[in-house]
Amino acid sequence: MEEVDVEPTTTPIPGFDSNQKHLGFVWGPGDILVYETIYKASGGSAGGCPFVHEVRKDEDIYSPILRKLFNESHHIFVGLQRIREDLPSKNKKPQFVSISKNYRSVIRACMEELQQVAVSTQDAALATQYGNQVSILLAVELIWNLCEVLFIDAAPAGSLVLHLLDWVRLHKADVDEKAREVLASESPAEHQAYWDVVISYVLQGRMDEARQVLVKQAALQPAARAMFKLLDNLLMKMPIFNPGETQTLTEFDVKWRHWREEVDRCLQDQSFASNPHLEDICKILVGDEDVLLEHKELLSTWYHFLVTRLLFSHPTVKPTELHYYAQSSMHMFLDTRSVPEPLDSILLAAFEFDIHQVIKDCSIALNNWWFVGHLTDLLDHCKLLQSHNLHFGSNLREFLLLEYASGLFTHHSLWQLAVDYFDHCPEFGRVYLELQIERVPLDTERKALKVIRICEQRQMTEQVRSICKIMAKKALRNNRLGSALSWSIRAKDAAFATLISERFLQDYCAKGTFSDLDLIDNLGPAMLLSDRLTFLGKYREFHRLYGEKRFSDAAKLLLSLMTAKIAPRSFWMTLLTDALPLLEQKEVIFSADQTHELMFCLEELTSEKSVPNPDRPMQDEDIETTKIELLRLALARNLAMAIVKEGTVEV
Amino acid sequence: MEGINAKYVSQKISKTRWRPVSSSSLQQPDIFATGSWDNEDNKISIWSIGENGISSMDDEFEGDPQLVCEHKHNGDVLDLQFLDQDRIVTASSTGAVIIFRHHHNSQTLSVSQLWERAHHYPCDNAPCTGIVCNSPEIVTVGEDGRIILFRADQEGVLRTIENADSSTIHAVTFLRTTEILTVNSIGQLKIWDFRQQGNEPSQILSLTGDRVPLHCVDRHPNQQHIVATGGQDGMLCIWDVRQGNMPFSLMEAHSAEMWEVHFHPSNPDHLFSCSEDGSLLHWETSSNSDTPSFLQGGRNTSIVSRSALAPAGGNQSLISSWLTGDSSKGRLETTHMLPSQTLSVNSLDVLGQCLVCGTDGEAIYVNRRVPI
């Protein structure tokens, strides 16, 4: 088993007495349930903590501002997946870079909002919490930006330093603030932060701004005008690699060396000896590391130091050489005694182009999978990850996305986002989704409809059936037969439709009338879902026909119900009893053949009942036999009349 | 489609409605209310889109909706309607019907009236699914199949139609001041007349084919017999309730459930529908036009309308363009109004030239230049 890199954090459970009791626990998808217990077969006194505690690792998904991060990044993620595969990767690079920038702008927007709330809130604990989240987001954006520069944009030598400069400038915004303050003051050149501003600008490679600020000082010291002019000249002439131009890297290198020699000569000539600040600037331009290290507070981070060092000593550095300079910069800048922060080791890993180490360190340092999931997915699209399979059978990208989406699924509201993530995990996504989607709590019909739609779109018929069954049972329990029926139609669940029809028929036998006529009368093609349902519909139609006095049609229908075996055997007695009034009519309704069939049905029915049932009371037996006798009589009479009628020839 | 941006609000939006503007003023609406669902703490919120009027450029970034006030809501907000300028009625998944009052001077919301278990089962709660208001009367329908008539400011229930439906009633709309129309989950439209005492509908209409559950209904603003419905299969049906038992036309609109359909209140040749598949369609019908109308930009699919019946005589000019039997005479164009595929669009509302909609992606979209 791998060593644990960091000390695990301890979370105390309130109300728990660790001396007397043990802690029982069970894992959930994103949290643990813990409870107090005595780990013995029996015994145990009354009292103790009656609560079950839920320990969550990830609090971020419950923060309302961070929720926007999850939603917006989901939108970007889905857009990324839809980029067509067949385009050559050369054309796709600008798209990937712009997607990376989208992700970063979402992070920044969130960060700004958090910052505003942190400043304006009254609650101190909340302010600290927001402050922490802001610093985490800052670090996250820093890392993402570096990964974009090094891996996605993959700048070659020459432009690499320029991109890194941009990266540093973006994350050291206080220079502009200070400069504004200084320039706004009455006498900028005498402001105490004046030289700090100038040097900061130089350290960031912003020569034009540095020169503009220097002019203020030059105006104050007309005597030293020549010196200032010289420095101004040097700053102006500093060559900057321009990737668009036809100038090659070697040409730029030559130019740069010339310029550097010129600066060196100025130093040797002691041209700036009278003004220590100007001398410092000159030494910086030459790349003197000791002078750079003297301005540690202005640089404030080792990676700023690294980039400045590269700018003035090795502007044509190749990506593969970066890690030497990164290592040495970090050692030179940081105290050897202090332990490197997680952020530092992550950035170092990035400079070493060790993508896997970056992802691993970030996974450990952060408390949810959002960052690593999305970054890995983007890098995977850029084809930068070697697809070595992990022990669990899927590759790194899929593993991280599955973890992220599973975490989302535990959220009462964000589970809908997780569905799209599972969709884009080819190996295990579907299985995960099938297991998780059934456990979404269904309080209203509308939510159930949405869940079912998700399942139907992915042909998860089992889940559709089970959800429809749950909703149908709930409806049935509340006596909403129409709703129950509409759920069984959706699931094409014949068995349940049969159950509902049985309920209707039972109601009819009990009360003598149908309830919910609006449903039965208007079943439409849904009637065919189950035999029992068809019978119900047809039986109701029989009653309607009878009510409309269309006796011959009613009679035909009744007969067909029995002969076509649509009616359940148990109901035949009721049907035959329904036939009685038709038989008793003055007019002959049933033809001779039809009467024969009725008699046949009756015989079938009675032959089964030939064995007297000892459990049934005598009265029921009597009623039964009376009914059968009546029927036999009516049938015989009808037969007679029918034969006569059919035999009669009209003259 | 310019000027439509997403505002992420950290809650899934189930309903959005514009606050009504007085018909005399020509102002565009600037305040809308939203209700959330599926949260542990649901809320209703009131948003403002700030100053309307002159904007410097056509494509200028439209003002973001700003939150004015919000209030906790017990249960999902399944429907939301403005009763008048100050009061909002909501339907909750706990079966309650709540009236909120918006206090303009303090910019707060408070509960003004609450009917706790208006819709219920004998032992469970039944969600209240639809509301329609005609101030001061409020009609609500729910999963328990009841229709309840309330009066704002009166404590008790004015009238209940028990067991009006054996399945869930999803939406309700007024046909006339005393008549309402409901749609249910077995695909039936039922017309109820409050002047009659019984518990039976005065008319039932349904499709002859598959009984697809219907989720939304809206009446034509000027012609009381024309009604549009949308259902589970995403088909848009236009009905004429005076005539027969079949819809006038059936159009394939969406690939999933259609959640809301609205006629534009002042320009009824325009219809809007939104759906679970993440699209919001703008339907425009133009009748008696010599030249076909081509839409400027946007995705454009022209749908052939299959009409079931020819209009039964009468003055040609009075017959709504929605009921034109001959599809070559009336052209129907549709535009997708959202820039890209989103999660389900749950709700939309349109007033004047402004459209607002809310999605399951926790975003609100506002468009202030709807081409009508």
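The sequence lines fix the lettering, A, B, ..., with proteins before strands; numbering per chain opens at 1.
Here the NE2 atom belonging to A/His411 is positioned 7.0 Å from the CD atom belonging to B/Glu40, to the nearest 0.5 angstrom. Here the straight-line distance linking atom CD of B/Glu257 with atom CD1 of A/Ile452 works out to 8.5 Å at 0.5 Å rounding. In this structure, the separation between CG on A/Leu66 and OG on B/Ser10 is 9.0 Å, given to the nearest 0.5 Å. Atom NZ of B/Lys12 sits about 9.0 Å away from atom CG of A/Asn71, to the nearest 0.5 Å. Atom CD of residue B/Glu362 and atom NZ of residue A/Lys68 lie 10.0 Å apart, to the nearest 0.5 angstrom.
Close approach to chain A, defined as a heavy atom under 4.5 Å from one of its heavy atoms, is seen in B/Asp76, B/Leu78 of residues 68-79 of chain B, taken by number. Within residues 416-423 of chain A, the residues having any heavy atom under 4.5 Å from a heavy atom of chain B are, by residue number, A/Gln416, A/Leu417, A/Asp420.
No salt bridge links A/Lys474 with B/Asp124; every basic N to acidic carboxylate O contact stays at or beyond 4.0 Å. Under the 4.0 Å criterion applied to side-chain N and carboxylate O atoms, A/Arg480 and B/Glu143 are not assigned as salt-bridge partners.
Here the side chains of A/Arg477 and B/Tyr121 are not in contact, with every heavy-atom distance at 4.5 Å or above. Contact check for A/Arg446 versus B/Trp37: no side-chain heavy atoms found under the 4.5 Å cut-off. Residues B/Ser93 and A/Thr444 meet the side-chain proximity criterion, which asks for heavy atoms closer than 4.5 Å. Side-chain atoms of B/Ser167 and A/Ser483, non-hydrogen and from C-beta on, do get closer than 4.5 Å to each other.
Among B/Gly145, B/Cys123, B/Pro122, the residue with the largest count of heavy-atom pairs under 4.5 Å with chain A is B/Gly145. Interface remark: of the candidates B/Thr129, B/Asp277, B/Val212, B/Asp144, B/Asp144 forms the most heavy-atom pairs closer than 4.5 Å to chain A. The greatest number of non-hydrogen atom pairs below 4.5 Å with chain B, out of A/Arg490, A/Gln457, A/His75, A/Glu456, is found for A/Arg490.
Contact annotation for A/His74: only side-chain heavy atoms (C-beta onward) come within less than 4.5 Å of a heavy atom of chain B. Contacts between B/Pro127 and chain A at a heavy-atom distance below 4.5 Å involve the side chain alone, from C-beta outward. Both the backbone and the side chain of B/Asp165 come within less than 4.5 Å of a heavy atom in chain A. Heavy-atom distances place the side chain of B/Gln188, and not its backbone, under 4.5 Å from chain A. Within the 4.5 angstrom heavy-atom criterion, atoms from both the backbone and the side chain of A/His412 approach chain B. Proximity to chain B is absent for every atom of A/Trp487, based on heavy atoms less than 4.5 angstrom apart. Only the side chain of B/Glu276 has a heavy atom closer than 4.5 Å to any heavy atom of chain A. Both the backbone and the side chain of A/Leu449 come within less than 4.5 Å of a heavy atom in chain B.
Applying the 6.0 Å contact sphere to NZ of A/Lys447 captures more than 12 heavy atoms from other residues, nucleotides or ligands.
Under a 3.5 Å cut-off, the side chain of A/Arg453 and the backbone N or O of B/Gln232 do form a donor-acceptor pair.
When the options B/Asp38, B/Asn346, B/Leu343 are evaluated for a side chain to side chain contact (heavy atoms under 4.5 Å, CB included) with A/Lys450, the one that passes is B/Asn346.
Heavy atoms only, all atoms of each residue included: B/Ser185 and A/Ser486 are closest at O-CB, 3.5 Å.
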